[in-house]
Amino acid sequence: MSAKKNNNDLMDKIVSLCKRRGFVYPSSEIYGGLGSTWDYGPLGAELKRNLKNYWWDAMTNRRDDIEGLDAAILMHPQVWHTSGHVAEFADPLVDCKKCKARFRADKLAEERCPLKPSKSPLECGGELTEARQFNLMFKTFMGPVEDDAHVVFVRPETAQGIYVNFLNVKNSSRQKVPFGIAQVGKAFRNEITPGNFIFRTREFEQMEMQYFVHPSEDEKWFEYWRQERWEWYQSLGINMNKMRWHEHGQEELAHYAKTAYDIEYEYPFGWQELEGIHNRTDFDLSRHMEATGKDLRYSDDRYTEKFIPFIIETSAGVDRTLLTLLVDGYDEVEIKGEKRVFLRLSPRVAPIQVAVFPLVKKDGMPEFAEKVYLQLKKRFKAFYDVSGAIGRRYARMDEAGCPFGITVDGQTLEDETMTVRDRDTMEQKRMKEGELIEYLQRQINS
Ligand code: ATP
């Protein structure tokens, strides 16, 4: 089987697992769905929340130099003129004269012809129109009047909410440079060709942190944040052989950036950006200062002159990171002639961290197991399952990405020990309830 076919199969399997286990469903499915919009089900919602919390914790709670923010999605429309989005946030669009499909002119080699899916629009023989710029911002109207004066944009990135609050946050938190502002929130882009499941959608979530530094220290902090972000992914157990850096060349570099690196992951559909780390210089604050007349320069007693801080940005997609965890964690193993699916999610973010099973539904095992479950539930995402054969219960949890399973069996009733099974090593240990919490805590943090 060709590598391409294998890779398509893998995406199909992941999409199907997500539906089956309740990670991700097509949006408005009973109405036939809406192109490239997805809903996160019970396990997906939990995984997504854990992921955002894990990022938030690393960025804010564990540090003294970064403050959190939750800015509005709808902003003053002038913000998007100032930022350059109204004029320049556009992708080149081409139409195929034959099949009428639309493609991004800068990604033609990666696009597929709808009539001949094995070929790109460069190879299928369809004639393409000249490229024209297509602005990716969604618009709506504020208030009851639908005219040009009432147009507002639905934010295409969370970053601008941070820049316009730079003064507010600086003044209320009394932070001194270098310091950062972190935000997690929805962003919307009217992408020409969304696709690859939750990789590219029109509604998505970002985890962005903007770090304000003295202009003489930009390169030092840029390197610092590259390292930090790389290690963050590593701490999620992602296979780092499938991660790489991509440095933006001069032709790729955004007009505001001095240096830019993407962290890329090797998805089944190829190497693609997961997160961008950019040195945005003083571009954003200078533009907002010019447009509003507000003094956004910085000073404190360490500096003789006021200056506009440079910004080092780390910008990651929540949905893309989640997809990365699914792709990276998906594993098929043959056990006793049966193909079994394991989702090897890090215990740090797994939607269910520990499952508790009585071996059988009698002899006091369910009562014992339920008591243990109620204790574990206070500290971990725990799940209790009593129905069906024990093998099937384990299999369900393996697919759900649950890293630890606890079974109460006959021996438990004699000596109060239970088996604790590690999803990835398949090792089983016996321990008493008193040791469980410490063991799980250690495993989750290791
Ligand atoms: P791409 O080249 O893939 O369109 P970009 O360079 O426009 O991405 P940025 O503007 O740097 O992306 O956005 C930062 C991050 O937000 C990306 O690394 C990605 O994780 C996420 N992101 C951007 N666009 C989308 C989208 N349409 N769907 C899902 N996530 C997205």
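Since the structure is predicted, the reported quantities are computational estimates derived from the model, not experimental observations. One-based numbering along the sequence shown. Side-chain atoms are counted along with the backbone in the values below, which use heavy atoms only and exclude waters and symmetry mates. Note that ligands are numbered from 1 as they come in the structure, with each ligand's atoms numbered from 1 the same way.
- Both the backbone and the side chain of R200 come within contact range of ligand 1, each with a heavy atom under 4.0 Å.
- Backbone and side-chain nitrogen or oxygen atoms of H278 are examined, and none is located within less than 3.5 angstrom of a nitrogen or oxygen of ligand 1.
- Within the 4.5 Å cutoff, no side-chain heavy atoms of V341 are placed close to those of D331.
- Residue contacts with ligand 1: F204 is placed with no nitrogen or oxygen under 3.5 Å of a nitrogen or oxygen of the ligand (distance criterion only).
- Residues F153 and P77 meet the side-chain proximity criterion, which asks for heavy atoms closer than 4.5 Å.
- At the top of the distance list for atom 19 (C) of ligand 1, counting protein heavy atoms only, stands R320 NH1, 3.4 Å.
- One side chain, Y233 or E275, offers a donor N or O that lies under 3.5 Å from an acceptor on the other.
- Near F199, meaning under 4.0 Å from any of its heavy atoms, are these atoms of ligand 1: 28 (N), 29 (C), 30 (N).
- Under the 4.0 Å criterion applied to side-chain N and carboxylate O atoms, R244 and E266 are not assigned as salt-bridge partners.
- From the protein, the heavy atom lying nearest to atom 28 (N) of ligand 1 is T201 N, 3.1 Å.
- The shortest N or O to N or O distance between L274 and ligand 1 is under 3.5 Å.
- Atom 9 (P) of ligand 1 has its nearest heavy-atom neighbour, among R189, E275, E157, in R189.
- For atom 11 (O) of ligand 1, the nearest protein heavy atom (residue, atom name, distance) is E273 OE2, 3.4 Å.
- Residue contacts with ligand 1 for D319 are absent, since no atom lies close enough (heavy atoms, distance under 4.0 Å).
- Looking at A257, A187, S315, it is S315 that brings a heavy atom closest to atom 15 (C) of ligand 1.
- Below 3.5 Å of separation, one finds no N or O of E208 facing any N or O of ligand 1.
- When non-hydrogen atoms are compared, ligand 1 lies under 4.0 Å from neither the backbone nor the side chain of R202.
- Close N/O approach between K107 and ligand 1 is not found [any backbone or side-chain N/O within under 3.5 Å].
- A donor-acceptor distance shorter than 3.5 angstrom exists from the side chain of N135 to the backbone of H85, with no hydrogens or angles considered.
- Using a 4.0 Å cut-off to heavy atoms of E191, the atoms of ligand 1 that qualify are 24 (N), 26 (C), 27 (N).
- None of H288, H76, R155 except one satisfies the side-chain hydrogen bond (donor to acceptor under 3.5 Å, both in side chains) rule with Q160; the exception is H288.
- In this structure, M207 and T321 have side chains that are in contact, with non-hydrogen atoms separated by less than 4.5 Å.
- Remark: K19 engages E29 in a salt bridge, criterion side-chain N to carboxylate O under 4.0 Å.
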> Given Y303 and H214, is the ring pair (Phe, Tyr, Trp, His ring centres under 6.0 Å) satisfied, shown in steps?
Replying inline: CA-CA 10 Å; Y303 304 101; H214 189 274; 4.9 Å; yes
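- For atom 21 (C) of ligand 1, the closest non-hydrogen atom on the protein side is G317 CA, 3.8 Å.
- From the protein, the heavy atom lying nearest to atom 16 (O) of ligand 1 is Q206 NE2, 3.3 Å.
- A 4.5 Å side-chain heavy-atom check between W80 and M75 finds at least one atom pair inside the cut-off.
- Centroid-to-centroid, the aromatic rings of Y267 and F199 come within less than 6.0 Å.
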